[in-house]
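Data block below; observations after.
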Amino acid sequence: MMEIEGKFKTLKYFVDGYYNQSIDDHEFDDMIREFRDEEPESLVHALRAELAELQKLIDNGDRETFKKIEILLHDNSLRYIEFEDGQAFINRVLNVLDNKN
């Protein structure tokens with residue numbers, strides 16, 4: 001689990017701070033923009049890299065590792081991102097990060 005925690009620490013920070021249970025789904029795009037605009041560029045870059053790793057797990061159908069990440073992310077945020085929803089989550093975050101308005 002430690003390896004997962006180290007590999008996805010930015011994603012965990014992002015989910016804890018910007019996509020936790022207190023955030024309604026319709027507010028999520030605004031929260032992604034806030035992350036993009038307020039956090040250091042290095043953190044935004046790190047999130048992109050971790051989302052790319054998450055994408056590889058989905059592409060490889062690695063549900064076992066994905067489940068470990070899901071548990072890690074749920075610990076503080078109380079939000080579940082399941083394997084089936086992973087692609088939509090990645091697409092939504094990247095779409096907002098890439099869209100500079």
Side-chain angles (χ1 to χ4, degrees):
M1 192 65 171
M2 196 58 215
E3 183 190 327
I4 295 281
E5 205 164 316
K7 207 170 183 181
F8 292 97
K9 62 179 186 284
T10 310
L11 182 61
K12 180 171 174 49
Y13 171 77
F14 172 73
V15 171
D16 287 351
Y18 295 87
Y19 191 49
N20 59 59
Q21 204 178 31
S22 68
I23 294 157
D24 290 331
D25 194 57
H26 70 274
E27 298 174 297
F28 186 39
D29 287 3
D30 289 336
M31 296 306 291
I32 301 167
R33 276 184 211 96
E34 189 178 311
F35 176 86
R36 180 193 70 201
D37 297 343
E38 304 296 326
E39 295 289 352
E41 186 63 40
S42 59
L43 213 57
V44 176
H45 183 73
L47 179 63
R48 287 177 184 280
E50 290 174 27
L51 288 172
E53 286 299 310
L54 203 59
Q55 182 67 60
K56 285 182 196 165
L57 295 177
I58 292 170
D59 292 346
N60 295 331
D62 187 349
R63 290 171 177 272
E64 192 177 317
T65 305
F66 197 97
K67 186 72 180 166
K68 291 176 187 168
I69 296 163
E70 183 184 323
I71 292 164
L72 172 74
L73 297 180
H74 182 263
D75 281 348
N76 290 333
S77 69
L78 303 177
R79 174 84 69 168
Y80 281 109
I81 300 167
E82 296 173 341
F83 188 85
E84 289 72 20
D85 304 325
Q87 190 65 63
F89 174 80
I90 292 170
N91 292 351
R92 185 170 183 180
V93 174
L94 288 179
N95 187 38
V96 176
L97 289 180
D98 293 342
N99 198 339
K100 283 293 182 194
N101 56 27

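As the structure is a computational prediction, the values presented were derived from the model and not from experiment.
Within the structure, ring-ring contact (aromatic ring centres under 6.0 Å, His included) pairs that include any residue of residues 47-70 comprise F66-F83 (at least two apart or interchain).
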key: Worked verdict on Y19 versus F14 for ring-ring contact (aromatic ring centres under 6.0 Å, His included)   = CA-CA 7 Å; Y19 191 49; F14 172 73; 7.4 Å; no
task = For the pair L54 and I81, evaluate side-chain contact (heavy atoms from CB on, under 4.5 Å) and give the outcome as yes or no after the intermediate values.
result = CA-CA 11 Å; L54 203 59; I81 300 167; 5.8 Å; no
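K12 and N76 make their closest contact through NZ-ND2, 3.3 Å (heavy atoms, listed as atom of the first residue, atom of the second, distance). F8 and L57 make their closest contact through CZ-CD1, 4.4 Å (heavy atoms, listed as atom of the first residue, atom of the second, distance). Listed here is the closest heavy atom pair of D29 and R92: OD1-NE, 2.7 Å. Here the closest non-hydrogen pair linking R36 and N99 is NH1-O, 2.5 Å. Nearest heavy atoms, S77 versus L73: OG-O, 2.6 Å. Across all their heavy atoms, E70 and E82 have their closest contact at OE1-CA, 3.6 Å.
Side-chain polar atoms of Y18 and E39 form a donor-acceptor pair below 3.5 angstrom.
For D30 and R33, the salt-bridge test passes: some basic side-chain N is under 4.0 Å from an acidic carboxylate O. Between K68 and E5, no side-chain nitrogen of the basic residue sits less than 4.0 Å from a carboxylate oxygen of the acidic one, so the salt-bridge criterion is not met. With respect to the salt-bridge test (charged N to carboxylate O, under 4.0 angstrom), the residues D85 and R79 do not qualify.
Between the side chain of N20 and the backbone N or O of S22, at least one donor-acceptor pair lies under 3.5 Å.
With sequence neighbours left out, the salt bridge (charged side-chain N to carboxylate O under 4.0 Å, His left out) criterion links D37 to no other residue. Residues that satisfy the salt bridge (charged side-chain N to carboxylate O under 4.0 Å, His left out) test with E41, not counting sequence neighbours, are absent from this structure.
To the nearest 0.5 Å, atoms NE2 (H45) and CD (E50) are separated by 10.5 Å. Distance CZ/F89 to CG/L11: 5.5 Å, rounded to 0.5 Å. From M31, atom CE reaches atom CD1 of I23 across 4.0 Å, with rounding to the nearest 0.5 Å. In this structure, Q21 CD and Y80 OH are separated by 10.0 Å, a value rounded to the nearest 0.5 Å. Note that the CG atom of N95 and the CD1 atom of I90 stand 13.0 Å from one another [nearest 0.5 Å].
Between N60 and T65 there is no side-chain heavy-atom pair separated by less than 4.5 Å. F35 places none of its side-chain heavy atoms less than 4.5 Å from the side chain of V93.
Both I4 and L51 belong to a single network of hydrophobic side chains, linked directly or stepwise wherever heavy atoms of I, L, V, M, F, W or Y lie under 4.5 Å apart.
For E84, the CD atom is densely surrounded, since the number of other residues' heavy atoms within 6.0 Å is greater than 12.
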